[in-house]
Amino acid sequence: MRKKIHLFIKDNGLYILLSLALPMLIMVVVYAKIGIYPGSEHRTILASDAFSQYVNFYASLNNVFKGDQSIFYTWNSSMGLNYWTFIAYYLGGIFSPLVLFFSSLQLPDFLYYLTLLKIGSLGGAFWIFSYQTFRLPKWNHVVLSVSYALMSFVIAYSEILMWLDAMLYLPLIVLGIHRLMDKKKPVLLFVSYFLLFVSNFYMAFMVGVFTFGYFLARLLTNRSQYLPRFPMYLITSLLAGGASMVMILPTLLDLRNNGEALSKIVRLKTKNTGPWDLVIKNMVGIYDSTKVKSTPFIYIGLLAVVFCLFFFVTKKVALRQKICYGSLLLVLVASFYLEPLNLFWQGMHTPNMFNFRFSFLFSFFVLVLAGYGFEKFKPDDFDQLVTIVLGLIGTYMAVKFMTGQGDYTYIQSINFIWTLVFLISYLFLFALVKRKNGFRKGIGVFFILLVCVEAGLNSYGIVEGIQTEWHYPARKYYADPYQPIKELVDQTKDDNDTFYRLENLNPVSPNDAFNYGYSGVSMFSSIRNRHSSYYLNGLGYRSLGTNLNIRYANNTLLMDSLVGIKYNLAKEDVLKFGYSKISEKEEYALYENKYALPLGMWTDDAIYEPGAVESQATLLNHLAKTNEDFFTFSDLEQVNMVNIREEKGRINQTDVVTYIPKKQNEPMVLEWTVEVPANKQAYVSIFPVDYRTFGSPTLKLEVDGVVYDSSVSETGQYYSLGYHKEAKKVTFKMTISNVKKQNVFQIVQPDVALLDVDKFSQSIEAIKDNGVEFKVEGRRAKAEVSLDQDQVLFTSIPYDKGWKAYIDGKKVSIPTFKQALLTLPVSAGEHEIEFVFLPQGFLTGVALLLICMGSFIAYVWIVRKKETDPFYMD
């Protein structure tokens, strides 16, 4: 066995190494060309979601590995979240544990290395598939592997690192299908499916559907041979799926409780697609967008396109094969243009940007068919190859001419020129193959070099497109705020032994809480607790639509207290009553809120009545057992306008004002004054008429020299004008920019909300007398209480079916409070209360893991035993 391995490595080691290393080296050069490399201050790889999500999520995973956080639950996002299902979507790859070797400050470089490692692993995985599948010269396997690792989908969506794992397992799964069908060996298929399912359930669905379709297509190419393998395939795939239920089942249950509704099919044709998309997206270096109006990224190399066409043209491939595989390819093509199929591949959910997330399947299948075509090619087929290449050149020229008159503005002449240059170059190399009457090692080297140059230029074009559209940020935007924020957060941890929350008024990203390890409100994630976010949106923390986002900014002191915000970080004065500065680090300061409430508060069962506590004021009154009007309202006096045409009107009996820029793409500036009475906390209310069609303008508020920026469509409506102990006339300025939606800024007529701080503070003190301090550790929250009468414990812990409650060690049921927050009726007396979280379905998933793993091992043993039985017949 050792000798066989030695010989295999001796014969193939160089080619395996090239398949792994060449894609990585190409991307090292591509990234370096735009200033991305380890330690670079100019740019990091943190474009798009990599900055707002992944660098923070890997920081939180680092905390898990270091024992600072439970693997099942995190308190550091949206007030608390099921972390197990979060891993199932964002962090489940086999390379994720490597983050343990990096500090949080080194994470931009970690994501750079991780991206390269995943891209290289794609090349290695495809080499294994190609070597076992196609009868080709060894250098051809390298050519196909480089093409796969650097397909356009991988580069264009490289910032969404979790998706690349599916591309790692896809060729291994298909190879596993071949081994099962041809040799009755199911182990590779089982292992590959299992790793796929536990890595990322979302992409696993697409790969699972495709590979089942591939199995059926291959079965139909030779029904008599392959039909008896159908039971083995079903048993293997179902057992692999069952074993993966340790991740999938809790995730499915969480999605059922918190996921989005299925998207409605409102059209037959997919929006934004055109007749020439598939041709154009197979040119070198094409990048249109990964935002809302993008088209499929399907490029996988011109050589693959040529030999995929050769597969269907040559008579050396059986007609049955062409029909079976061509039908599957046609389904993928139709899925780009037919909305029902497009949505089906993506789980019946319309993507929030990064469209056509299944398009890598098309690229993979084109490459597979190209491999089959390549192995059939002989020097005497050169004339057929010339016809195909000339046909492609003619098609590209025709499309370039036609689209030059249309909307395909992202096509540059250089894309067209490079495409023709490479097609002609490949034709020249194949002319050498014909002249030499076969492939030679020297020609193979030229093929590898040419494919690498083509893949490198294509990758560079896409990376340049990402830089233009999303930007690769400089390291300072991540690194500079890190140390002062981290030191101030750590200070709060040293000063507290019970639970509290903290928020940053000048956040680095919406997911800072993951990175710095504090419990906050803000979050941007596809895995979220929709019920709690929906309720918090009604209480003023903006979380619209499908609740992908929830934002802390621009709410009132009432909610700061109710959810236990004990600290604020800020670069400037927080402009809040009850907050005092207690520490500073560089440009950040730490402010402590004397009116923060604990995690739990006592109340009565009237809180469960329909329609109760639907607003922050009614919730505060209910908990304080008061009936106060905390807010009064005052009009504004407008004193100046710059670059604005103002229109006033009424919509649905509501006064609205529309601000239209006189000069487009320049900011609009408004200046107001307001009389603020003594002992009032003032807020200006900016409320868009319709958030759904509002766009995302930026608002800069300047009051008394203090400036804060906000995204109007993402944050709350109350912009603080500060607390004033004495009556004061306040002048403030508002700058509105990035107004794109119809070039108008339409809001409800602004006014000022005035919070009576005396009523507020008295109510908070009344609630504090009934507060319950919790000690939180990992997935547990514990408190000791003493009651004179039966009461209801109200907490600001988001409700999840994974929570279990125990009173004095005895499990008790948790009543539903708007499916939003945990509450618990408690009888009179002294008690120990404990909340314990374990994802719903986890224990069942563990049982299925053990049962299915054991069953598969037994199944393989039975199959092998039968194979050695001289009386066994297949």
Side-chain angles (χ1 to χ4, degrees), residues 1-9 12 16 19-20 92-95 121-122 124-134 141 145 165-201 203-205 207-219 222 225-248 364 368 845-869 872-874:
M1 183 65 169
R2 184 179 298 176
K3 186 177 180 180
K4 286 184 178 180
I5 294 174
H6 176 75
L7 289 174
F8 177 80
I9 293 175
N12 300 287
I16 298 172
S19 298
L20 290 163
I94 59 172
F95 299 121
S121 70
L122 300 188
F126 199 89
W127 184 92
I128 295 170
F129 167 76
S130 180
Y131 177 80
Q132 295 283 333
T133 304
F134 307 125
H141 300 305
S145 300
D165 292 80
M167 277 138 267
L168 168 62
Y169 299 119
L170 175 57
L172 301 179
I173 290 168
V174 174
L175 177 59
I177 289 173
H178 288 188
R179 289 173 64 83
L180 182 147
M181 298 178 80
D182 297 333
K183 302 178 181 180
K184 292 190 286 187
K185 294 183 177 181
V187 174
L188 177 61
L189 181 61
F190 178 87
V191 173
S192 301
Y193 263 146
F194 173 75
L195 291 175
L196 169 73
F197 294 149
V198 298
S199 293
N200 183 272
F201 69 90
M203 301 300 280
F205 169 77
V207 173
V209 171
F210 170 78
T211 52
F212 178 68
Y214 180 84
F215 173 83
L216 292 180
R218 195 165 191 259
L219 183 152
N222 193 337
Q225 178 183 348
Y226 292 140
L227 189 58
R229 305 291 179 262
F230 191 65
M232 179 177 281
Y233 174 79
L234 284 182
I235 291 170
T236 301
S237 55
L238 289 174
L239 288 176
S244 69
M245 284 296 113
V246 67
M247 293 296 296
I248 299 295
F364 168 78
V368 170
V846 171
L848 286 170
L849 170 67
L850 298 175
I851 292 170
C852 292
M853 282 284 191
S855 298
F856 181 73
I857 292 171
Y859 176 67
V860 171
W861 181 79
I862 292 169
V863 168
R864 289 182 177 176
K865 186 177 180 181
K866 286 184 177 180
E867 287 291 302
T868 59
D869 186 342
Y872 171 73
M873 296 181 63
D874 184 12

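As the structure is a prediction and not an experimental result, all values here were calculated from the model. As a basis for the values below, the full set of heavy atoms in this structure was taken, side chains included, without hydrogen atoms, waters or symmetry mates. Residue numbers start at 1 and run along the sequence shown.
- Remark: L122 CG to L20 CG distance equals 10.0 Å, nearest 0.5 Å.
- At least one side-chain heavy atom of D182 sits under 4.5 Å from a side-chain heavy atom of Q225.
- With sequence neighbours left out, the side chain to side chain donor-acceptor pair (under 3.5 Å) criterion links S237 to no other residue.
- Listed by chain and residue number, L239, Y859 satisfy the side chain to side chain contact (heavy atoms under 4.5 Å, CB included) test with I235 (two or more places apart in sequence, or in another chain).
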Given side chain to side chain contact (heavy atoms under 4.5 Å, CB included), test F364 with V207 step by step and report yes or no. CA-CA 11 Å; F364 168 78; V207 173; over 6 Å; no
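- Closest approach of K184 and M232 over heavy atoms only: CA-SD, 3.9 Å.
- I173 contributes atom CD1, which lies 4.5 Å from atom CG of L196 (distance to the nearest 0.5 angstrom).
- Legend: residues meeting side chain to side chain contact (heavy atoms under 4.5 Å, CB included) with Y131, ordered by chain and number and at least two apart, are F8, N12, W127, H141.
- Residues L170 and F129 have side chains not in contact (no heavy-atom distance under 4.5 Å, counting atoms from C-beta outward).
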Under 3.5 Å, side-chain donor or acceptor atoms of residues 186-195 against the rest of the protein: list the pairs with distances, not counting sequence neighbours.
{"unit_1": "S192", "atom_1": "OG", "unit_2": "L188", "atom_2": "O", "d": "2.8"}
{"unit_1": "Y193", "atom_1": "OH", "unit_2": "T211", "atom_2": "OG1", "d": "2.7"}
{"unit_1": "Y193", "atom_1": "OH", "unit_2": "Y233", "atom_2": "OH", "d": "2.8"}

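- Side-chain contact between Y214 and H178 is present, with heavy atoms from C-beta onward closer than 4.5 Å.
- To the nearest 0.5 angstrom, Q132 atom CD is 10.5 Å from L172 atom CG.
- L216 is linked by a side chain to side chain contact (heavy atoms under 4.5 Å, CB included) to F212, F230, counting only residues two or more places apart in sequence or in another chain.
- You'll find the side chain of M247 stays beyond 4.5 Å of the side chain of F201, heavy atoms only.
- The side chain to side chain contact (heavy atoms under 4.5 Å, CB included) test applied to S199 returns D165, Y169, not counting sequence neighbours.
- In terms of heavy atoms, L848 sits closest to G242 at CB-O, 3.5 Å.
- Contact detail for A125 and L168: the closest heavy-atom pair is CB-O, 3.4 Å.
- Contact of the L219 side chain with the R229 side chain is not registered, since no non-hydrogen atoms from C-beta on lie closer than 4.5 Å.
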